[in-house]
Amino acid sequence: MANAMLHQSVGSLQLLGNSGIHGEVGNNSVRLFPKGFKVQIGFSKGGTYSSGERKCSIRASASQTSVVNPVLSPSNNDTHESRKKSNEAALILIRHGESLWNEKNLFTGCVDVPLTKKGVEEAIEAGKRISNIPVDMIYTSALIRAQMTAMLAMTQHRRKKVPIIMHNESEQAMAWSQIYSEDTLKQSIPVIAAWQLNERMYGELQGLNKQETADRFGKEKVHEWRRSYDIPPPNGESLEMCAQRAVAYFKENIEPQLLAGKNVMIAAHGNSLRSIIMYLDKLTSQEVISLELSTGIPMLYIFKEGKFIRRGSPVAPTEAGVYAYTRRLAQYRQKLDEMMSN
Ligand SMILES: O=C(O)[C@@H](CO)OP(=O)(O)O
């Protein structure tokens with residue numbers, strides 16, 4: 001098969017290449033934080049706050065300080081320890097639904113454009129496909145099209161937990177978004193918005209029509225800007241540059257959650273996700289050229305024993321389709337069925 005072109009399609013993910021597809025409580029308040037955050041909550045005059053990517057703390061008076069890791073388990077019966085032992089977690093990747101600039105065929109990059117009506121429908125459809133798959137944490141880019149997609153998709157989830165956007169940008173934002181009920185907390189999913197998952201910055205192409213740009217600079221040149229690994233568009237990011245932030249964020253922040261047994265959904269963009277898939281599937285810079293992602297189609301991976309196993313795109317909530325449930329996913333689904341019938 002050395003030079004033979006193998007064309008495989010797994011849901012929305014298509015790869016054309018010669019090696020195929022590889023395959024937080026104080027003062028009775030509760031904060032929602034992913035594991036990995038060190039959270040000390042409580043209030044005392046002059047309390048200090050420091051925020052980093054993964055560590056946030058509010059120093060409280062000694063009597064009020066407590067440290068909690070309230071992030072949510074996929075099922076109430078399933079303890080954190082047992083999940084750690086089972087060493088398996090689901091990872092769902094979704095490229096946002098169609099945006100108003102996708103519709104107009106404009107280079108978008110980091111311009112913050114909302115979804116079209118079709119994009120809204122795609123996101124809802126994506127949500128149906130993953131409605132039986134556990135989601136404990138959601139990561140999105142800082143851009144509205146990815147956030148809309150994640151939120152709309154979650155309206156379809158059978159578990160009916162509420163996705164809640166974390167506001168850790170300031171002490172006040174954190175304090176004003178506290179949750180004061182542990183029960184409510186258990187029915188919530190933290191949503192973390194990270195600029196590192198944004199679309200690649202398209203430089204001087206942002207806002208230009210893709211067809212007109214190809215007519216002007218030549219199809220090959222524009223294809224090179226759009227799909228090559230290391231050639232950046234004028235004053236923009238190459239996929240390699242985009243990977244340097246997106247994959248680094250994934251490794252630093254998301255992988256530890258998966259390792260701890262948390263099921264994660266990432267709603268992001270064509271190129272930030274291409275760079276992450278390149279890492280997950282160990283694609284070469286040559287292979288990633290042919291990797292195309294459709295809007296609004298979820299892709300499922302299982303993280304097990306330190307490896308990412310691609311299961312394809314769930315075709316429907318009730319059909320195994322191109323992927324098969326793992327035993328753990330089947331059990332989760334069975335629990336949902338039981339909950340619904342009660
Ligand atoms: O315009 C963009 O930001 C992206 C995704 O729509 O374009 P491309 O298809 O070149 O990756």
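No hydrogens, no waters, no symmetry mates; every other heavy atom, side chains included, goes into these values.
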Can you find a side-chain donor-acceptor pair between Tyr249 and Glu255 that sits under 3.5 Å? no

If you look only at pairs with a residue in residues 138-148, which of them pass as a salt bridge (charged side-chain N to carboxylate O under 4.0 Å, His left out), with sequence neighbours excluded? none

Would you name the heavy atoms of Asn105 and Gln211 that are closest together and state the gap between them? ND2-N, 3.7 Å

Look only at the side chain of Arg95 and the backbone of Ser294, and say whether a donor-acceptor pair between them is shorter than 3.5 Å. no

Taking the six-membered ring for Trp and the single ring otherwise, decide whether the centroids of Phe308 and Phe250 are under 6.0 Å apart. yes

Any donor-acceptor N/O pair, Asn271 side chain to Arg274 backbone, under 3.5 Å: no

Note, Met265 side chain near Ile130 side chain (heavy atom, < 4.5 Å): yes

Would you confirm whether His223, through its side chain, and Ala214, through its main-chain N or O, come within 3.5 Å as a donor-acceptor pair? no

Does Asp136 offer a backbone N or O that forms a donor-acceptor pair with the side chain of Asn263 under 3.5 Å? no

Is it true that the side chains of Glu199 and Ser272 contain a donor and an acceptor less than 3.5 Å apart? no

With a 4.0 Å cut-off, would you call Lys221 and Glu224 a salt bridge? yes

Just jot down the ring pair (Phe, Tyr, Trp, His ring centres under 6.0 Å) partners of Phe107, sequence neighbours excluded, or say none. Tyr202

Between Leu91 and Leu258, is any pair of side-chain heavy atoms under 4.5 Å apart? yes

So, does Arg245 use its side chain to make a donor-acceptor pair with the main chain of Asn198 at under 3.5 Å? yes

Taking atom types as modelled, find out whether Asp337 and Tyr332 have a side-chain donor-acceptor pair closer than 3.5 angstrom. no

Test your reading of the model: is there a side-chain donor-acceptor pair from Thr108 to the backbone of Leu106, 3.5 Å cut-off? yes

Testing the 3.5 Å rule here: is there a donor-acceptor pair between the side chains of Ser141 and His269? yes

Is it true that Lys117 and Glu121 make a salt bridge, defined as a side-chain N closer than 4.0 Å to a carboxylate O? yes

Between Gln206 (side chain only) and Cys110 (backbone N and O only), is there a donor and an acceptor less than 3.5 Å apart? yes

Without hydrogens or angle criteria, can the side chains of Arg159 and Gln187 be said to hold a donor-acceptor pair below 3.5 Å? yes

hydrophobic_cluster_shared for Val120 and Ile144, side chain cutoff 4.5 Å: yes

Short question: side chain of Thr116, backbone of Glu98 - any donor-acceptor pair under 3.5 Å? yes

For Thr155, enumerate each residue passing the side chain to side chain contact (heavy atoms under 4.5 Å, CB included) test, keeping only those at least two apart in sequence or located in another chain. none

